[in-house]
Amino acid sequence: MYALSVMLTIDPAHVEDFKAAALRQAANTKANETGCLAFEVFVSADDPTRFYLHEAYVNKAAVEDIHDKSPYMAEFRKTTRNWVVSRERLCWNSAGKD
């Protein structure tokens with residue numbers, strides 16, 4: 001298994017727009033990518049401008065060859081690019097047997 005942790009800070013003026021776009025991105029990913037095991041959108045309990053995207057895939061190729069190249073991912077990046085103040089993306093390999 002391969003997982004992504006994406007932490008973002010969003011411009012306060014665009015929090016609701018970002019939330020809607022992120023939830024749409026999660027729904028598109030789960031509906032269209034058989035290699036996606038999970039895609040959840042979280043917002044900080046302490047700071048409404050902080051988001052955490054938790055994504056899990058069957059392997060790294062499911063991210064690099066399918067998810068990152070999907071038309072809805074390109075649209076998500078284009079739509080949200082000016083709303084993102086900071087972004088950190090961490091990648092994880094499963095420590096156990098897949």
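Along the sequence shown, the residues carry numbers beginning at 1. Keep in mind that this is a model prediction, so the values were computed, not measured.
The distance from atom CG of N59 to atom CG of D65, rounded to the nearest 0.5 Å, is 8.5 Å. Residue R89 holds its CZ atom at 10.5 Å from OG of S5, rounded to the nearest 0.5 Å. Note that CG of L53 is 10.0 Å distant from OG1 of T29, once rounded to the nearest 0.5 Å. Here the CG atom belonging to D17 is positioned 11.0 Å from the OG1 atom belonging to T80, to the nearest 0.5 angstrom.
Hydrophobic cluster membership differs between F42 and V85, with clusters built from Ile, Leu, Val, Met, Phe, Trp and Tyr side chains linked at under 4.5 angstrom. Under a hydrophobic-cluster definition in which Ile, Leu, Val, Met, Phe, Trp and Tyr are linked whenever side-chain heavy atoms come within less than 4.5 Å, directly or via other members, L23 and L8 are assigned to the same cluster. Following chains of ILVMFWY side-chain contacts shorter than 4.5 Å, one can reach I10 starting from V43, so the two form part of one hydrophobic cluster.
By the ring-ring contact (aromatic ring centres under 6.0 Å, His included) test, F39 pairs with no residue at all, sequence neighbours left out.
Inter-residue side-chain proximity for D68 and M73 is flagged as met; some heavy-atom pair is nearer than 4.5 Å. Using a 4.5 Å heavy-atom threshold, the side chains of V6 and E88 count as separate. Side-chain contact between L90 and L4: absent, with no pair of heavy atoms (C-beta onward) separated by less than 4.5 Å. The closest side-chain heavy-atom distance from C91 to Y2 is below 4.5 Å. Contact of the Q25 side chain with the H67 side chain is registered, since non-hydrogen atoms from C-beta on lie closer than 4.5 Å. Looking at heavy atoms from C-beta onward, T9 lies out of side-chain contact with V84 at the 4.5 angstrom threshold. For the pair V41 and F51, the minimum side-chain heavy-atom distance is below 4.5 Å.
Among residue pairs with one or both ends in residues 33-51, those qualifying as salt bridge (Lys or Arg N to Asp or Glu O under 4.0 Å) are K30-E40; sequence neighbours excluded.
Closest of all the heavy-atom pairs between M1 and Y57 is CG-O, 3.3 Å. Between V15 and P48, the shortest heavy-atom contact is CG1-O, 3.4 Å.
A salt bridge links K19 with E16: the closest approach of a Lys/Arg side-chain nitrogen to an acidic carboxylate oxygen falls below 4.0 angstrom.
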Derivation and outcome, side chain to side chain contact (heavy atoms under 4.5 Å, CB included), residues S44 and Y52 = CA-CA 8 Å; S44 170; Y52 164 60; over 6 Å; no

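Classified by interplanar angle (parallel below 30°, tilted 30° to 60°, perpendicular above 60°), the ring pair F18/F76 is tilted.
Here Y72 sits alone; no ILVMFWY side chain lies under 4.5 Å from its own, so it joins no hydrophobic cluster.
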